[in-house]
Amino acid sequence: MQTAVIRELFKQSDKHLGKSIRVHGWVRTVRVSKSFGFIELNDGTFFTNLQVVFEESLDNFAEIARLVTGSALTVTGTLVESPGAKQPFELKAEDIVIVGSCAPDYPLQKKRHTFEFLRTIAHLRPRTNTFAAVFRVRSLAAYAIHKFFQERNFVYVHTPVITGSDAEGAGEMFRVTTLGFDRTPRNEAGQVDFTRDFFGRETGLTVSGQLEAETYCQAFGRVYTFGPTFRAENSHTPRHAAEFWMIEPEIAFADLQDDMHLAEDMMKYVIGYVLDNAPEEMDFFNKFVDKSLLARLANVLQSDFGHVTYTEAIDILKNASEKFEYPVEWGADLQTEHERYLAEKHMQKPVFVTDYPKQIKAFYMRLNDDQKTVAAMDLLVPGVGEIIGGSQREERPAYLEQRMAELGLSHEDYWWYLDLRKYGGTKHAGYGLGFERLIMYLTGMGNIRDVISFPRTPKNAEF
RNA sequence: UCCUCGAUAGCUCAACGGUAGAGCAUCCGGCUGUUAACCGGAGGGUUGCUGGUUCGAAUCCAGCUCGGGGAGCCA
């Protein structure tokens, strides 16, 4: 007999009704009476559980009746229409094999757990409804990202995880070394002698693959990266993790407008894909996590994203009736409260903020004709905040070198990056999308620690 | 790193200066269609850690550890 997966039973129930089938899965809950009982079985393929009915005619009825949540079973029986109102069909068991019993101190109960508690048992939490839904959506969103870019002739580039450059100074780096900690070699000046380290130079985990991605962009025209990224910032917020996944497309012969079009198309594509392919999970989020989720996502699909320049945003904030804790002044970076106002109150939809003052942005962003601002864009979304940061890159060698000089960046560290401008350089643009922030936006989950399997945050690398 | 709130049974919480409790989970018993099933019973605690105040501390005070929320940094 072939083993059926529960997803298949729900998607094509006509094909299986009345047939004898076998399923493998884990017990979510058991309800038992004197001579019969019900098991909610989940095999991980589908959000909804399969109801198994068992009766005392089974040889091992007594044993089955004592099953606890978490036990692994193989059930053979007939799929029949269910008299109960809450499920269309159920599996009438003819044989139940206990594949893996579950100890009585299993920490997952049927009632609601706090997300804080579930983080302490991150090895078991994917067995809960919420996390089953989050990680299926995460998987689908990752696939949708690849699908989106592949369908548009992008090449997927694997940029290095270990890097010698501090990229764009995007954040503190984790050091990668094989030097011992007790007797680190020192040079004549008393500094750590990295020439004796594994790579012969100071290295760390990547904080961005962008600079490397730009090199492949100048060969393939359209590329993207999708990989782990590391920031050693001592951040304690629901939106930051030390290890996270980032998507960084880079497009040649393109300006900031092209960049924003790409970002908007991508966001809509992924939202649409997840809504189409995880309807049960999305309904669950809408019911138990964020009651306005589906309406909001539908609205995003239908409307155009907002666009304001940084300068316009400053005017909007200055004229707002809202009182801000931090002053609104041209030249200062937008505070979280300002971003929230723009996205959640003023626009009530995703909004691109563009053309920031050059002094608050990275060296590689293209200088605008006003000589004061750069062709940068941040995408702010209600509830999550900044989800994308991007820019048109400075392709003019003179401008780039001048900016590097102003910031004290050395030619030697960026010689290959400067070469791109020397050898057939084109205008080009790109952005970074925080994958976990996208998942938060798609699911309504409020904490980044609950959308990544084993979160790494300050003072926490358990599992 | 700063501000703020919190830590009591396996989980979710109550008790707020005077003998530490409930629901769920677990174990035992009952129940012929359940749906976070239901009904009855039992076991389960160094009240995060260290010190202090007090006749007496889960409760008040100090420090520490861990966690939540906010800020900064950013994706």
Side-chain angles (χ1 to χ4, degrees), chain A residues 28-40 48-49 51-57 65-66 68-70 80 82-87 90 92 102-121 124 128-129 167-172 207-210 225 228-248 263 288 325-326 333-340 360-362 378-381 384-390 431-441 446-452 457-460 462:
Chain A
R28 282 293 178 81
T29 175
V30 181
R31 295 180 289 271
V32 63
S33 293
K34 189 183 178 184
S35 60
F36 65 93
F38 302 93
I39 297 169
E40 299 245 357
T48 311
N49 301 318
Q51 173 159 287
V52 175
V53 191
F54 63 101
E55 296 182 343
E56 61 183 338
S57 53
R66 281 199 308 274
V68 295
T69 304
V80 297
S82 175
K86 300 209 174 176
Q87 59 281 321
E90 61 194 17
K92 192 169 175 348
C102 186
D105 61 350
Y106 188 57
L108 291 173
Q109 59 176 34
K110 285 180 239 180
K111 278 196 160 184
R112 201 184 161 272
H113 285 291
T114 59
F115 292 144
E116 290 83 357
F117 170 68
L118 291 170
R119 278 173 217 149
T120 69
I121 50 166
L124 300 176
T128 65
N129 285 337
E168 74 246 50
E172 288 294 312
V207 294
S208 166
Q210 183 202 313
T225 72
T229 309
F230 307 87
R231 307 252 169 109
E233 302 288 348
N234 191 18
S235 295
H236 293 91
T237 83
R239 305 181 304 283
H240 290 85
E243 176 181 315
F244 63 100
W245 286 64
M246 190 155 64
I247 295 117
E248 296 180 287
F288 293 109
E325 191 182 337
Y326 291 88
D333 211 350
L334 297 177
Q335 302 292 315
T336 297
E337 59 174 348
H338 304 145
E339 296 184 345
R340 291 185 70 113
I360 59 173
K361 287 291 179 185
D378 284 356
L379 179 64
L380 311 177
V381 297
V384 175
E386 186 181 339
I387 200 167
I388 283 176
Y431 60 82
L433 165 74
F435 187 54
E436 283 74 19
R437 291 188 181 175
L438 174 66
I439 304 305
M440 292 170 73
Y441 187 61
N447 197 309
I448 197 167
R449 298 172 182 90
D450 299 325
V451 298
I452 189 166
T457 51
K459 298 285 182 286
N460 177 31
E462 186 70 54

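Here is how names work: the chains are called A, B, and so on, in the same order as the sequence lines, proteins then strands, and each is numbered from 1.
For B:U32, the OP1/OP2 oxygens have no side-chain nitrogen or oxygen of A:S33 closer than 4.0 Å. One finds a side-chain N or O of A:R31 lying less than 4.0 angstrom from the OP1 or OP2 phosphate oxygen of B:A37.
Positionally, the nearest nucleotide of RNA chain B for A:P107 lies more toward the 5' end than for the other of A:P107 and A:V53. Taking the nucleotide of RNA chain B with the nearest heavy atom to each of A:Q109 and A:F244, the more 5' of the two is matched to A:Q109.
The partner of B:A15 is absent, by the rule that a Watson-Crick or G-U pair needs both atom distances under 3.5 Å. Summarising the base pairing, B:C73 is matched to no nucleotide, lacking a Watson-Crick or G-U wobble pair whose two defining distances lie under 3.5 Å. B:G45 is unpaired under the Watson-Crick or G-U wobble criterion, no partner having all donor-acceptor distances under 3.5 Å. B:G6 is paired with B:C66 under the Watson-Crick or G-U wobble criterion, all donor-acceptor distances under 3.5 Å. A 3.5 Å limit on both hydrogen-bonding distances identifies no Watson-Crick or G-U partner for B:U59. Applying the Watson-Crick and G-U wobble criteria (two distances, each under 3.5 Å), B:C31 pairs with nothing in any strand.
Nucleic acid contact class of A:T29 (heavy atoms, under 4.0 Å, all strands): sugar-phosphate only. Nucleic acid contact for A:I448: base, since at least one base atom lies under 4.0 Å from a heavy atom of the residue. Counting any heavy atom pair closer than 4.0 Å across all strands shown, A:P83 reaches a base atom. As judged by a 4.0 angstrom heavy-atom cut-off over every strand, A:V32 is placed among the base-contacting residues.
A:H240 places its NE2 atom 10 Å from the P atom of B:G72, with the value rounded to the nearest Å.
In this model, no side-chain donor or acceptor of A:R66 finds a partner on the base of B:C28 within 3.5 Å.
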For nucleotides 68-71 of chain B, which of its nitrogen or oxygen atoms have a protein nitrogen or oxygen under 3.5 Å away, and what is each distance?
from: B:G68; atom 1: OP1; to: A:R119; atom 2: NH1; distance (Å): 2.7
from: B:G69; atom 1: OP1; to: A:N447; atom 2: ND2; distance (Å): 3.3
from: B:A71; atom 1: O2'; to: A:Y326; atom 2: OH; distance (Å): 2.9

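Under the 4.0 Å criterion applied to side-chain N and carboxylate O atoms, A:K34 and A:E56 are not assigned as salt-bridge partners. At a threshold of 4.0 Å, the pair A:R437-A:E386 does not count as salt-bridged, since none of the basic side-chain nitrogens sits closer than that to a carboxylate oxygen.
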